[in-house]
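The shown structure was predicted, so the numbers you read here are calculated from the model rather than taken from an experiment. Below, read A as the first sequence line, B as the second, and so on, with proteins coming before strands; counting in each chain starts at 1.
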2 protein chains.
Amino acid sequence: MLTDRQRQTLNFIRDFIDENGYPPKLKEIGNHLGITSRGTVHRYIRALEDENLIRVSTGRSRGIELVDNETPGDESIADHENTLPVVGTIAAGLPIEAIEDQETINLNDFFVRPGRFVLRVQGDSMIEDGIFDGDMVIMESCQTARDNEIVIALIDQDEATLKRIKNNQDGSITLIPANASMQPFRYSAERVTIQGRIVGQFRAY
Amino acid sequence: MLTDRQRQTLNFIRDFIDENGYPPKLKEIGNHLGITSRGTVHRYIRALEDENLIRVSTGRSRGIELVDNETPGDESIADHENTLPVVGTIAAGLPIEAIEDQETINLNDFFVRPGRFVLRVQGDSMIEDGIFDGDMVIMESCQTARDNEIVIALIDQDEATLKRIKNNQDGSITLIPANASMQPFRYSAERVTIQGRIVGQFRAY
DNA sequence: AGTATATGCTAACTGACAGACAACGGCAAA
DNA sequence: TTTGCCGTTGTCTGTCAGTTAGCATATACT
């Protein structure tokens, strides 16, 4: 996992190469980061090399090289246009400023996987878990689930619901809504078919 | 990998040929680079030849020739399946089956727009709106907000929080948490700066 | 308090590089 | 032939970029 400064360094190297066609030297990186010490910059370079994100020709000026990081082609463009910057954490936080070198997140990379699908949630049964009426949940197909996972359970091959699951000792299954006004229900294993477990959730305002 | 001086030399050779139709001699290159020594220039020529960027007719005056450097276009389209199928609505619904004609959703198309960014939420102040500690919210930069929108409000240029907003008649602003254990706060307009309004929210399990 | 990590600085070492210069050989004009 | 231009090769020296190590501070975690 990269630190902020390491990420900023990597981003700058990418941008620099993108713009100039050749990599920056330590001093140029430091200049961008507001660091006067080449030694400090060099430590970041080493860290990025350890993470296998860049390759370094030791001793040479401008000896930094980016490592091809999978998903060829699509990335150069898509990764710029299909990402959202993660600015930070909102808490009792500081002002949100226009910061250049931020972590970014690609929602598709984040959520899209084979075997996943989206459902629109209807009803309030999972409201206490923050899943509201109208929300979209991203599910992953599966046949079994561990305790406490939120799953789509098909009951009697007829009715599908989104609930938290508990596998009981006797083989039966309890489906637990996240709503104080609703009761958990217990079913024999034969009556319940798991169709998927939740891996994500999103909502548009 | 070229050094700065080597790159400058190559660029000058290109420009020179482009302008005059014939390549420069060592002295002319050196003159452009501020070098009086032909020997030094010659070393650059050799380096460029080693890199296969130029060809040299040994011994001849103006014997430099550019090498055609075609960059094979990397047109990897990689039109990935960046979409998730929207299977339907989960309520007291029917079994989830493999349905043919599915609606699909591309999360990036759905959420990614210029001027948007992501924040990780810390704390429980919006818990009743289904925004939990650790959730990610997608914000859109803006300076004003209508009543009842969830916004990032910067208070006294110091502290940023995520709250529901109400513009009062007298010009003051009330920020309303979605947590029964917390109180709305009222601020004079000067103390509050809106930094963005919520447009989406997501969560990974 | 004590430890660990992240960040920044200075200082010194090393090797690559840049430039000057000298010397040699080919070639063409005087 | 001689002279001078030009490319070529090699050496010497100073500078610069990368590297390494040591010291200091701030923050988070035990």
Side-chain angles (χ1 to χ4, degrees), chain A residues 1-13 16-17 20-51 53-67 86 88-89 91-94 99-103, chain B residues 1-13 16-17 20 22-51 53-67 120 122-123 133-134:
Chain A
M1 200 54 185
L2 299 182
T3 68
D4 287 351
R5 285 308 238 177
Q6 287 166 9
R7 192 177 3 264
Q8 288 170 17
T9 303
L10 180 59
N11 285 337
F12 175 71
I13 293 171
F16 192 100
I17 293 179
N20 299 293
Y22 50 86
K25 51 181 82 167
L26 296 192
K27 191 177 170 187
E28 291 166 336
I29 297 174
N31 193 49
H32 176 260
L33 295 175
I35 299 173
T36 64
S37 161
R38 280 169 294 146
T40 301
V41 176
H42 184 258
R43 201 191 300 132
Y44 294 145
I45 298 304
R46 275 266 288 278
L48 294 176
E49 195 183 14
D50 288 346
E51 293 284 339
L53 295 168
I54 59 175
R55 221 172 302 115
V56 176
S57 308
T58 311
R60 292 265 299 270
S61 174
R62 304 188 187 278
I64 301 173
E65 212 178 330
L66 288 180
V67 170
V86 179
T89 300
L94 298 177
I99 308 174
E100 282 184 28
D101 311 295
Q102 287 300 327
E103 182 184 1
Chain B
M1 180 56 69
L2 300 182
T3 68
D4 289 353
R5 283 309 237 180
Q6 288 166 11
R7 201 178 350 265
Q8 288 170 19
T9 303
L10 179 59
N11 286 337
F12 175 71
I13 293 171
F16 192 99
I17 293 178
N20 301 292
Y22 52 84
K25 55 180 77 169
L26 296 191
K27 189 179 174 186
E28 289 166 338
I29 297 173
N31 192 48
H32 175 260
L33 295 175
I35 298 172
T36 65
S37 162
R38 282 168 291 139
T40 302
V41 176
H42 183 259
R43 202 192 302 129
Y44 296 149
I45 300 304
R46 274 267 290 279
L48 293 176
E49 194 182 14
D50 288 345
E51 293 283 340
L53 295 167
I54 59 175
R55 220 172 302 116
V56 176
S57 307
T58 310
R60 297 257 312 251
S61 176
R62 302 188 188 276
I64 302 173
E65 211 178 332
L66 287 181
V67 170
R120 182 184 301 276
Q122 197 170 80
D133 190 11

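- For the pair B/L2/B/L48, a side-chain contact is recorded, criterion being any heavy-atom separation below 4.5 Å from C-beta on.
- Nucleotide C/dG15 holds its P atom 15 Å from the CZ atom of A/R60, rounded to whole Å.
- Rounded to whole angstrom, the span from the CD1 atom of A/I64 across to the P atom of D/dT19 amounts to 8 Å.
- Taking a 6.0 Å sphere around CZ of A/R55, one finds it holds more than 12 heavy atoms contributed by other residues, nucleotides or ligands.
- Rounding to whole angstrom units, NZ of residue B/K27 and C1' of D/dG4 are separated by 11 Å.
- Summarising the geometry, the separation between NZ on B/K25 and P on C/dC27 is reported as 16 Å, rounded to the nearest angstrom.
- Within the structure, every side-chain polar atom (N or O) of B/T3 is placed at least 4.0 Å from both OP1 and OP2 of C/dA16.
- The phosphate of C/dA22 has neither OP1 nor OP2 within less than 4.0 Å of any side-chain N or O from B/S37.
- As rounded to whole Å, 13 Å separates atom C1' of D/dT27 from atom CG of A/D4.
- Put simply, the side chain of B/T40 and the base of C/dA20 share a donor and an acceptor less than 3.5 Å apart.
- Looking only at side-chain heavy atoms (C-beta outward), B/E49 and B/R46 come within less than 4.5 Å of each other.
- In this structure, B/E28 places its CD atom 13 Å from C1' of D/dG7, rounding to the nearest Å.
- Looking at heavy-atom distances under 4.0 Å, B/R5 makes contact with sugar-phosphate atoms alone, never a base.
- The residue B/R43 sits close to a base: some heavy atom pair falls under 4.0 Å.
- Remark: the backbone N or O of B/P23 is paired with a side-chain donor or acceptor of B/R62 at under 3.5 angstrom.
- Among the atoms of the strands shown, only primed sugar atoms or phosphate atoms (P, OP1, OP2) are found under 4.0 Å from some heavy atom of B/I35.
- Base engagement by B/R38 is indicated by at least one non-hydrogen atom pair under 4.0 Å involving a base atom.
- Using a 4.0 Å heavy-atom cutoff across all strands shown, B/G63 reaches no nucleic acid atom at all.
- Under 4.0 angstrom from either OP1 or OP2 of D/dT19 there lies at least one side-chain N or O belonging to A/H42.
- Distance A/E51 CD to C/dA6 P: 10 Å, rounded to the nearest Å.
- A/L66 has its side chain within reach of A/L10: a pair of non-hydrogen atoms, C-beta onward, lies under 4.5 Å apart.
- Here B/Y44 does not reach the OP1 or OP2 of C/dC17: none of its side-chain N or O atoms lies under 4.0 Å away.
- In this structure, A/T36 reaches the C/dC9 phosphate: one of its side-chain N or O atoms is under 4.0 Å from OP1 or OP2.
- Straight-line distance from the CZ atom of B/R7 to the C1' atom of C/dA16: 15 Å, rounded to whole Å.
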